[in-house]
Amino acid sequence: MRWTKTLVATLREEPQEAEIISHKLLLRAGLIRRLAGGLYTFLPLGLRALRKVEAIVREEMDRAGALEVLMPALQPAELWEQSDRLTTMGPNMFKLKDRHDRLMTLGPTHEEVITDLVSREISSYRQLPATFYQIQTKFRDEIRPRFGLMRAKEFIMKDAYSFDVSSEAADASYKAMYDAYKRLFARCGLRTKPVEADTGDIGGSSSHEFMVMAEAGEDAVIECSKCSYAANVERAERRVTVAQPAGDTPATLKVDTPDVRTIAAVSAFLKVPPAKLIKTVIYLADNKPVAALVAGDREINEPKLKRALDAKTLEIAPDNIVTEVTDAPVGFAGPVGLSIPIYADLSLTNAADMVTGANAADAHLLHVDLTRDANVTAYRDISVVNAGDACPRCNGELCVARGIEVGHVFKLGTKYTEAFEATYQDESGKAEPIVMGCYGIGVTRVLQAIVEQSHDNNGVIWPVSTAPYAVGLLSLDPSDTAVAATVTELEAQLEAAGIDVLVDDRDERPGVKFKDADLIGFPLRVVVGAKGLAKGFIEIKQRSAVESVFAPPAEALETIQKTINTMLAELTAGQP
RNA sequence: CGGGGAGUAGCGCAGCCUGGUAGCGCGUUUGGUUCGGGACCAAAAGGUCAGGGGUUCGAAUCCCCUCUCCCCGACCA
């Protein structure tokens, strides 16, 4: 392809709309343009890179034995009522009505559609296991779209669904997808880290997220400095050493704390370290009030609390509920005397001589012994893990990093298959629910994650597997007949060899071409100039390298092919 | 939805405080000189100053309302 025949919309200056580097580069290198918040057009270069990622995903799904299908993006809302997700997923879904006033949704994911299909088409154990996948546009009414492709309202996702006769068999399907993911991301040039994750609204028993570690990532990841333990902060646990019962705490004492409400303020006012305070937060779990307790130097982990309560919905209670439940203004809640269920963090077991809100205006209680003075319903792990906490698996220390979630694999069990009566008959003719797994990859997000992980000050550094063009062929003197002939010949050779090449045939100064080539990030840059050619060579340079190699035009093709093959081999080295 | 920032030429910005009828750089078009790391000279095109209302002889500028975009929190591939 010739530069002058396609649209290469590079930007010299940093676009004002972008904050993080990958977003800036996607715009500057001319891959995407914003239509509205969370909605992007893929320009020719961007679409090429996207197609490369899709092709890799497709190849690895096929290799793993998954079957490609394509399901409708537009779906009847009743389907979502059947799985009871119209409420849980509800606000995230785009809803519309057809001309017959029938409520439809734009699919944010496809568990319902695939399970409905499977319930109709699969009836025998002989048809299992089976895994289906698709690469398709998803729609989510995100609360806050951001960072370009990272969190968009419309995005491309690869979603796969496995169906098995038993949870043991499902584990094998899960493992197959997990391994396919590792290989697939490696082929895309991404370094990923699988971490234990929360299942969220999808549901199911356990899951792993594939994280691209990056400062710009939206997720906090907890990692052990010694062992391989890694988990999303929403899920992460820590080793808690439970205190012995104290027994000698003085009686509780109510003290005046006029308008002193926050942990920091109470700590300063009473001269007590935050760790000796108990933070009491009133939540509505499935619309019923509960109290959650953690030490004053910790935060409540809402996903963990939600799981501990086995609640469908969880939100901080509005002020009027807090006032009603605690009989005090907001800021003075405490566990003593509360009549609602109280869930305390595991680390508060046997906590004694603590400071809590008094459930009365402008007052706190000293010397609270949780076991003695409060009616705690249960002690559960409900606090956010902090850097420095103890690893739950070994004696190491935990640390915090950030990651971009590019893939997520779930063991779903029978949640959906039961809702849709997707059963199979076993050897004895007995109907059993099919055991399900689901597996997502944010294809458009992967594209941006690659850029986030692979760039320098001059622009993108594409892995050869996903670059819009593997080779940028710069014709420095397009009007020079020898140069033009050499370029045309090499272009034809490369295309015949199946290597993508973009020829910069513009009437521009060399500096402009070099800058654009670096910005776009061709893995290989091949330069043909009048001076070099007169000496009998052309220049070949890897984007990631400092040094160039020089070769006679006749050997250029072979050198380029070899280099590309080496780069491709490096991507899959060490993969299953 | 809560908190913060911003909308002026295709892009990046100044002008606003202290009202007087819009400017700079880049890009674009034309001509010329250049030509291995974002050249130079000359000429030119290009603006509902986000939208609506108000104050005023006069509003990009002051006041009110609305919209959009970006950033921080709840959502997630």
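This is a predicted model, so every value here is computed, not measured.
With A:Lys304 as the fixed residue, the salt bridge (Lys or Arg N to Asp or Glu O under 4.0 Å) test singles out one of A:Asp198, A:Asp381, A:Asp310: A:Asp381.
Across all strands shown, nothing is found opposite B:C16 as a Watson-Crick or G-U wobble partner with both distances under 3.5 Å. A 3.5 Å limit on both hydrogen-bonding distances identifies B:G5 as the Watson-Crick or G-U partner of B:C69. Across all strands shown, B:A60 has no partner, as no Watson-Crick or G-U wobble contact with both distances under 3.5 Å is found. Remark: B:A42 base-pairs with B:U30; criterion is Watson-Crick or G-U wobble with both hydrogen-bond distances under 3.5 Å. With a 3.5 Å ceiling on both atom-pair distances, the Watson-Crick or G-U wobble partner of B:G25 is B:C11.
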Could you give me the CA-CA distance, side-chain angles and deciding distance for A:Arg506 and A:Thr4, then say whether side-chain contact (heavy atoms from CB on, under 4.5 Å) is met?
CA-CA 6 Å; A:Arg506 291 177 296 172; A:Thr4 53; 4.1 Å; yes

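The aromatic rings of A:Phe210 and A:Phe185 lie tilted to each other, with the angle between the two planes from 30° to 60°.
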Nucleotides 35-45 of chain B: protein proximity per nucleotide (B base, S sugar-phosphate only, - neither; heavy atom, under 4.0 Å)
SBBBB------

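Between B:C67 and B:C26, the distance separating the two P atoms is 38 Å to the nearest Å. A gap of 14 Å separates the C1' atoms of B:U8 and B:G51, to the nearest Å.
No side-chain N or O of A:Thr313 forms a donor-acceptor pair with one of A:Glu315 less than 3.5 Å apart.
The side chain of A:Arg445 sits closest to B:A77 out of B:C26, B:A77, B:C69.
Ion pair A:Arg183/A:Asp179 not flagged as a salt bridge, since none of the NZ, NE, NH1 or NH2 atoms sits closer than 4.0 Å to an Asp/Glu carboxylate oxygen. Remark: A:Glu508 does not engage A:Lys513 in a salt bridge, criterion side-chain N to carboxylate O under 4.0 Å.
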